[in-house]
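Here is the structure we will look at, set down as structure tokens.
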Amino acid sequence: MDRTLHVTLGPVQDFIRQARRTRDLWAGSFLLSWLSGVAMKAVTDRHGKIVFPLVEQDPLYNALHKRTVAGQAVWPVVGSLPNRFEATLPEGVRAGEVVEDVHRAWNRLADTVWDVFLSDIAAPGTEAIWQRQINGFWQIAWAFGAAKDGVLARRKLWHTAALPGEEGGDHCTIMGDWQELSGFVRARGQAKEQDDFWNRVRNRVNEVIYGKDGMVDGALELRRSERLCAIALVKRLFPLLPLDRFEGAIGWVPGASSEAAEDQREVRLLLRKYPSTAYMAAVPWLANAWKRDPNACRAYAKAVRGHWRDTPIERDLPDDPPGPEIVTHAERRTRVAALAGSRAFGELDGNMFFADAIARRRTEMRLDLHGADATRRKAAVEADHRAAEPLVEALRALQAATAPSGGRRQEKMREASPFYALLLMDGDRMGERVKENPEGVSAALSAFTREAEGIVRRKDGLLIYAGGDDVLALLPVHTALDTADSLSQAFRIAFAGMATLSAGLVFAHYASPLGAVLDKAHAALERTAKEANGRDSLAIVVMKRGGPVAEWVSAWDLDPGGDPGGDGSAAAAALQHLTGAFAEEDERSSAFLYGIAERYGELLIQFTSDELDADLVNLLLAERLKGRDLASIADRGERDRVRDDARRHMEELAAVCRPRRGGANERHFDLDGALIVKFLADNGGWFAGGEP
Amino acid sequence: MTASRLFVLSPTDTLFFRDGRPYNQGDEGLAHAHSLFPPHPSTLTGALRAALALGRGWDGGSAWGDDLTKVLGDGPDMAGGTLRFGAPLLLRARNGGWEPLYQAPRALVGTDAFALLRPGRPLDCDLGERVRLPEDPDGLRRKPVEDLWLTAAGLALVLDGRAAELDARHVVRSDALWTAEPRVGLALDTASRTARHGQLYAPVHVRLAEGVALAQPVEELPDGWEPARLVPLGGEHRTAMVDLMAEPPVPPQATAFRPAGDGARRCVTLVLLSPARVGEGWLRPGTPPDEGWSDAEIVSACLGDPLPIGGWDSRPGPARGPRPLRPFLPAGSTWFLHVPEGWSPPCPWLGNPTDARHGFGRFALGTFPDIHTDIHTDTGADPQGVV
């Protein structure tokens with residue numbers, strides 16, 4: 001008789017969050033999804049059946065079987081399989097066999113990375129560290145029993161089944177619990193040996209990418225400050241593997257055509273070049289610039305190319321291409337829909353759109369600063385600043401040529417905002433739903449996952465993961481709210497209104513550490529949207545470089561019983577409308593918010609729900625219209641329109657500042673809603689609806 | 001003469017405790033580092049041993065002489081010393097005195113109404129055959145509490161198997177005890193007056209609430225040894241005032257262990273009060289691997305994520321440098337045991353004896369009702385292990 005098996009693979013959150021760059025984030029999600037697929041395949045290879053999730057139409061599951069699904073022209077890039085599943089396993093098959101297959105697949109990949117990058121350059125202690133870490137990393141728990149008995153949940157309550165080994169020496173700069181691979185200890189006078197080891201790895205990276213060393217990519221793929229453990233190194237370097245080795249280890253090459261042979265170099269570049277957070281931040285500005293003046297954009301792309309050709313950085317650039325391509329084709333075949341036709345302009349390194357980042361990029365690309373003293377470093381930094389000046393001027397010219405028209409806020413978006421969004425979503429009470437109707441949930445999730453990729457792509461975002469009831473995506477500021485809202489709607493529709501989705505949306509500076517941004521998104525989703533606000537909610541955090549400056553949460557529908565099938569949720573729509581309104585009347589909006597915060601902030605917080613019901617809109621309206629001489633508007637119709645618009649906006653603002661929390665009864669005043677609107681208005685959130 | 005005493009550490013400002021992982025200076029943009037809290041026992045003992053040495057006239061820099069090491073021990077292992085520390089505590093000022101607070105056991109579930117998980121019906125899983133994984137007694141799927149502290153009376157209720165009687169008087173959320181306080185630090189480029197790239201830091205400190213302090217019991221402290229009043233504590237040049245109090249509080253215990261199934265054995269919960277470095281045998285059902293524990297049987301468990309604890313050996317010489325990160329089970333980890341009647345634990349700590357000098361591995365014993373009387377386990381040392 002078949003037995004019901006539940007499997008879960010981890011660690012999930014730690015493995016994904018320990019990322020320094022967007023490609024690490026993708027790599028972690030992809031590897032986890034791939035290993036989960038390997039476990040599922042281990043079940044079906046032994047005549048078992050996957051019960052949950054539905055995998056027949058899953059691109060990743062099919063790729064493991066060397067099949068594509070209908071309409072799929074390239075092998076899957078995005079992780080789509082959740083880290084846990086339910087299956088039936090024939091009598092006599094050990095669950096341990098599934099676990100062994102996962103370890104074999106992981107070891108095959110790790111061995112390939114070792115062979116290609118480390119085998120002949122390892123330090124004396126490297127191999128022992130490598131084996132210990134590779135063998136001890138994954139925790140795979142399983143249990144037999146009916147889903148309705150919550151066996152996997154019970155297994156999770158026991159939790160720890162193995163302890164990692166002792167990790168001595170210096171630690172990995174990304175995954176701090178693990179030793180870095182050289183085995184040398186800086187505090188014991190072995191800094192030089194340690195640096196030499198990591199320089200050998202960098203050179204090897206160059207050889208693997210270009211077939212020769214001394215190139216700058218090695219330093220960019222593995223920065224001077226990065227000394228990694230085996231797990232982080234596999235995550236970082238497997239996308240750089242030669243394609244035949246990649247395919248041999250994983251089973252397919254993500255992004256490669258499943259229909260026709262294509263340029264291998266292009267495929268490798270696609271794997272290697274992942275849009276940076278700086279690029280995602282620049283997207284609204286880029287899209288606007290491209291729309292306004294494509295010729296000026298092309299001229300700038302040419303200037304970047306010329307700059308890198310004409311002012312080479314001492315000692316680090318090769319005489320022949322593809323040296324400048326590191327910068328000019330950083331975002332190979334841009335993945336952002338709105339920039340699809342922009343060619344060279346849309347492929348520029350995201351740093352090229354921020355004046356203060358251009359010189360820094362030059363400095364990062366210097367190989368001659370390895371081990372340099374402070375004086376030499378300072379001289380190099382100053383030289384790069386001087387060298388970058390003409391390009392900064394060219395950027396300024398492009399900014400002037402493509403500047404949005406309007407007031408102060410529009411003027412502010414003359415330059416790209418440094419903020420992007422990270423969206424994390426998760427279905428509400430999925431465990432209970434699965435218990436009630438596993439087949440129905442499985443089918444609904446499968447439909448939602450397929451839909452999610454299209455939604456994120458249409459909103460110019462970058463889907464990192466969409467599997468089961470989870471979504472992780474990077475988005476430009478101007479489409480983030482709309483994307484979260486559309487995904488929430490799609491989820492409800494897939495479940496015919498019987499299930500909801502919660503979201504944590506973080507607006508972060510592109511230089512904020514990714515792990516910290518992801519942590520904040522997890523906290524916003526799990527603690528704020530789900531635990532504190534009772535699920536079916538959107539939690540938003542604005543995170544500046546010093547930390548969070550505004551945190552807001554609301555049920556998707558500001559009013560209980562709101563129509564979920566309409567044009568989107570009231571919460572997201574209100575924020576979006578207000579962003580447009582604030583951007584339109586920038587000076588007055590800033591003064592207005594300042595006035596509310598200074599004069600009424602403390603008072604309003606103390607108002608009861610009834611008092612707020614009675615007075616808040618009128619109070620906001622009075623403040624909004626203060627000093628505005630309506631009588632001077634001669635046309636009565638126009639006067640009424642101004643007054644009505646202001647009232648409508650203040651009604652929306654009142655709702656946003658009284659978000660629905662824990663049911664309709666707890667609706668206290670919270671200024672953070674207004675601060676989020678101000679942030680969006682200041683950072684191009686209004687690009688969504690075109691120029692105001 | 002020596003006696004049990006209690007050190008009370010009252011921070012003078014925020015606190016910042018790292019965990020041996022690197023503070024990534026090389027992060028793009030800025031380096032984030034969260035303080036962990038509560039600190040590991042060895043962090044407190046490091047500060048307290050320094051405070052005692054300073055109190056004996058140590059200059060703060062030179063190597064310790066025999067007069068200090070014979071009491072305080074030498075190096076991170078406290079080698080050769082007689083001093084022994086207990087599990088660190090949080091204290092809350094109440095009625096003119098201090099009230100101890102304990103980290104809630106991981107087997108405690110609920111938000112307003114609480115319950116203690118219990119060993120459920122057996123099933124086959126990666127931990128073995130017929131394993132009695134924990135289950136929610138109310139048939140719900142509640143998660144173990146997080147960030148929750150219990151008063152002594154609250155912990156006593158849980159240990160007595162009466163978690164349902166917990167109310168607001170017994171529980172304190174951690175955000176009422178301390179808050180995270182983000183700071184920004186930077187190295188300034190004198191020419192441009194901007195932060196040097198890669199040298200912008202955002203450490204997140206911890207600020208204890210008014211009337212909250214850290215404490216650690218100590219044994220074998222010779223008469224007349226007084227700590228320096230002000231001592232560096234943790235990182236970022238933070239300090240704390242040290243007071244030496246008379247008697248440390250005694251953690252609660254179950255009043256009686258409930259009988260299991262046939263009445264021949266007793267049901268005991270073992271709750272870690274401080275992190276413990278245990279052998280792998282403690283992670284599975286069956287007989288605990290340590291000497292003296294062979295008549296106990298692990299029936300079930302709720303264990304926390306392993307906590308990597310390292311440190312820094314600052315003594316001059318070849319040992320100088322980072323100490324290896326070793327995995328500890330966190331405070332609150334709970335085992336469900338079956339034991340013979342009249343059983344008592346072989347020693348008052350779990351895990352490595354050297355760690356125990358710092359106060360690691362301390363535990364409290366409680367009991368649980370084992371309602372699945374029809375279950376036969378076959379994992380225990382006792383073939384009669386029928387409950």
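Everything numeric in this text was worked out from a predicted model, so none of it was measured. To find a chain, count down the sequence lines: A is the first, B the second, and so on, and within it residues start at 1.
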Review point. Residues in ring pair (Phe, Tyr, Trp, His ring centres under 6.0 Å) with B:Phe360, at least two apart?
Key: B:Phe328
Check your understanding: Of the non-hydrogen atoms in A:Val185 and B:Pro322, which two are nearest, and what is the gap between them?
Key -> CG1-CD, 3.7 Å
Review point. Between B:Asp124 and A:Arg3, is there a salt bridge with N-O shorter than 4.0 Å?
Key: yes
Practice item. Heavy-atom pairs under 4.5 Å with chain B are the metric here; pick the option from A:His6, A:Gln179, A:His159, A:Lys156 that has the most. Key: A:His159
Point to revise | Any donor-acceptor pair under 3.5 Å from A:Trp158 side chain to B:Leu283 backbone | key: yes
Review point. Does the side chain of A:Val151 reach to within under 4.5 Å of the side chain of B:Cys125, using non-hydrogen atoms?
Key: no
Study note, to complete from the structure: By salt bridge (charged side-chain N to carboxylate O under 4.0 Å, His left out), A:Lys520 pairs with (sequence neighbours left out) A:Glu551
Practice item. Pull out the residues in residues 134-144 of chain B that come under 4.5 Å of chain A, heavy atom to heavy atom, sorted by number. Key: B:Pro134, B:Glu135, B:Arg141, B:Arg142, B:Pro144
Point to revise | Exam field: side chain B:Asp126 to backbone A:Ala141, donor-acceptor pair closer than 3.5 Å | key: no
Point to revise | Side chain to side chain, A:Pro164 and B:Pro308, heavy atoms closer than 4.5 Å | key: no
Check your understanding: Can you list the steps and then say if B:Arg277 with A:Leu163 is a side-chain contact (heavy atoms from CB on, under 4.5 Å)?
Key -> CA-CA 10 Å; B:Arg277 182 154 59 108; A:Leu163 297 171; over 6 Å; no
Point to revise | Any side-chain heavy-atom pair of B:Leu123 and A:Arg154 under 4.5 Å | key: yes
Review point. Can you say whether A:Arg527 sits under 4.5 Å from chain B via the side chain, the backbone, both, or neither, judging by heavy atoms?
Key: side chain
Point to revise | Listed once per pair and sorted, the salt bridge (charged side-chain N to carboxylate O under 4.0 Å, His left out) pairs that draw on residues 323-338 of chain B, sequence neighbours left out | key: A:Glu166-B:Arg326, B:Asp77-B:Arg323
Practice item. Considering only heavy atoms and a distance below 4.5 Å, find which of A:Tyr510, A:Trp142, A:Phe144, A:Trp178 pairs most often with chain B. Key: A:Trp142
Practice item. Check each atom of A:Leu514 against the heavy atoms of chain B and say whether the ones under 4.5 Å are side chain, backbone, both or neither. Key: neither
Practice item. Supply the atom-to-atom distance A:Arg155 CZ to B:Leu133 CG, rounded to the nearest 0.5 angstrom. Key: 7.0 Å
Practice item. Count the heavy atoms belonging to other residues, nucleotides or ligands that lie under 6.0 Å from CZ of A:Arg23, then report whether that count exceeds 12. Key: yes
Exercise for review: Sort out for me which of A:Ala153, A:Gly168, A:Ala143 touches chain B most, counting heavy-atom pairs under 4.5 Å.
Suggested key: A:Ala143
Exercise for review: Could you tell me whether B:Asp175 atom CG has more than 12 heavy atoms of other residues or ligands within 6.0 Å of it?
Suggested key: yes
Check your understanding: If you count the non-hydrogen atoms of other residues, nucleotides and ligands that lie under 6.0 Å from CD in A:Glu97, is the total more than 12?
Key -> yes
